[in-house]
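Below you'll find the structure, written out as structure tokens, and then a few comments.
The sequence lines fix the lettering, A, B, ..., with proteins before strands; numbering per chain opens at 1.
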Amino acid sequence: MDNKSIAGILYETADLMEIDGADSFRIRSYRNAAEAIEAHPQQISDLIGNDKQLLAISGIGKGMLQNLKEMLGEGRLKLHAELLTKYRPSMLQLLKVQGLGPKTIALIWSAYQVSDLEGVESLAREGKIRILPRMGEKHETKLLKAIEDYRRIAGRFLIDVAEKQAEKIADHLRHYPGVEKATPAGSLRRGRETVGDLDILVTGPACCDDTERQKLIDHIIKLPGLMEIIARGENKISFRMRGDMQVDVRLLAPDSFGSAMQYFTGSKAHNVAL
DNA sequence: GGGCCGTACTG
DNA sequence: CAGTACG
DNA sequence: GCCC
């Protein structure tokens, strides 16, 4: 279990504790610990057993150390698992909606036993949110807008995040002999605020014949952080990176690189218009 | 043992 | 004023 | 929960 997943469980536990109405300072401690672990240069899993070094991390105390030992030892955190049983996992998604906090989610759950995005949206449309205590009409319309906003950016990544990821991948590609260019296309190249997935175009001698392309693809899949290969063809490979970003890499002969760049930069509507 | 951010917004 | 969310 |  790497630091990121440890931190993830801690963050999620904090969210669930919040829904559970736990002490807010204790909740903050979980988030602080998650942040500290995320930022820690060494893998926590390598330090396990070395209590002194773990305790030296600001934000990790006696209790959190126990939690870490439990996670690394048993692969799970009991508190986290129990809270997930007690509440609905969909509530964690709800928490991401602007203006929806744990108290409101708990309120909606107690009144309607609804805990998912679609359900809450329906309630809001039917005017069933405004009749709840402390919820007014404004709150309701604001909530509907927030759900809309959430849907718009869900499963997408802010451009700076996508940019860093793309640069790492492009570097990995350019490092390979016979690759001349590796350039992100798609919405990232268009400079959109958010990016759904990465489209990276590659060209050079290594893209020119079947054997070379196979070898290049073999090199691509060694990319650090690559979690799952979704599809592997002759000229294109799709995979998912750690963090869930999906990437398409297309290998192109140099003489079709320009038109491909045009096409894969899009947008779709722009291509249709052309 | 006791503090842990301050503030705007909403009902 | 109290509860809640957020920079 | 952590830290002072």
Task: Derivation of the salt bridge (charged side-chain N to carboxylate O under 4.0 Å, His left out) call for A:Lys215 and A:Glu212 - done: CA-CA 5 Å; A:Lys215 278 159 71 180; A:Glu212 288 303 310; 3.5 Å; yes
Hydrogens and angles aside, do [X] and [Y] bring a side-chain donor and acceptor to less than 3.5 Å of each other?
{"X": "A:Arg156", "Y": "A:Thr194", "value": "yes"}
{"X": "A:Gln53", "Y": "A:Asn50", "value": "yes"}
{"X": "A:Glu38", "Y": "A:Tyr11", "value": "yes"}
{"X": "A:Gln214", "Y": "A:Arg232", "value": "yes"}
{"X": "A:Tyr87", "Y": "A:Asp20", "value": "yes"}
{"X": "A:Asn235", "Y": "A:Arg213", "value": "yes"}

Open item on the list: In whole Å, measure the gap between the P atoms of D:dC3 and B:dC5 for me.
Closed with: 14 Å
Round to a whole Å and report the spacing from [atom1] of [X] to [atom2] of [N].
{"X": "A:Met64", "N": "D:dG1", "atom1": "CE", "atom2": "P", "answer": "7 Å"}
{"X": "A:Phe25", "N": "D:dC4", "atom1": "CZ", "atom2": "P", "answer": "17 Å"}
{"X": "A:Arg28", "N": "D:dC2", "atom1": "CZ", "atom2": "P", "answer": "14 Å"}
{"X": "A:Lys62", "N": "D:dC3", "atom1": "NZ", "atom2": "P", "answer": "13 Å"}
{"X": "A:Lys96", "N": "C:dC6", "atom1": "NZ", "atom2": "P", "answer": "14 Å"}
{"X": "A:Arg26", "N": "D:dC3", "atom1": "CZ", "atom2": "P", "answer": "15 Å"}
{"X": "A:Leu65", "N": "D:dG1", "atom1": "CG", "atom2": "C1'", "answer": "13 Å"}
{"X": "A:Ile105", "N": "C:dA5", "atom1": "CD1", "atom2": "P", "answer": "8 Å"}

Task: 5' to 3' contact window, DNA chain B with chain A (heavy-atom distance under 4.0 Å) - done: B:dC4 to B:dG11
Task: In one Ile/Leu/Val/Met/Phe/Trp/Tyr side-chain cluster, 4.5 Å: A:Leu54, A:Ile9 - done: yes
Task: Sugar-phosphate only, base, or nothing, as touched by A:Ile60 at under 4.0 Å among non-hydrogen atoms - done: sugar-phosphate
Task: Among A:Gln246, A:Arg189, A:Arg250, the one residue meeting side chain to side chain donor-acceptor pair (under 3.5 Å) with A:Asp199 - done: A:Arg250
Considering only nitrogen or oxygen atoms on both sides, find all protein atoms under 3.5 Å from nucleotides 1-4 of chain C and state each distance.
{"unit_1": "C:dT4", "atom_1": "OP1", "unit_2": "A:Arg134", "atom_2": "NH2", "d": "3.0"}

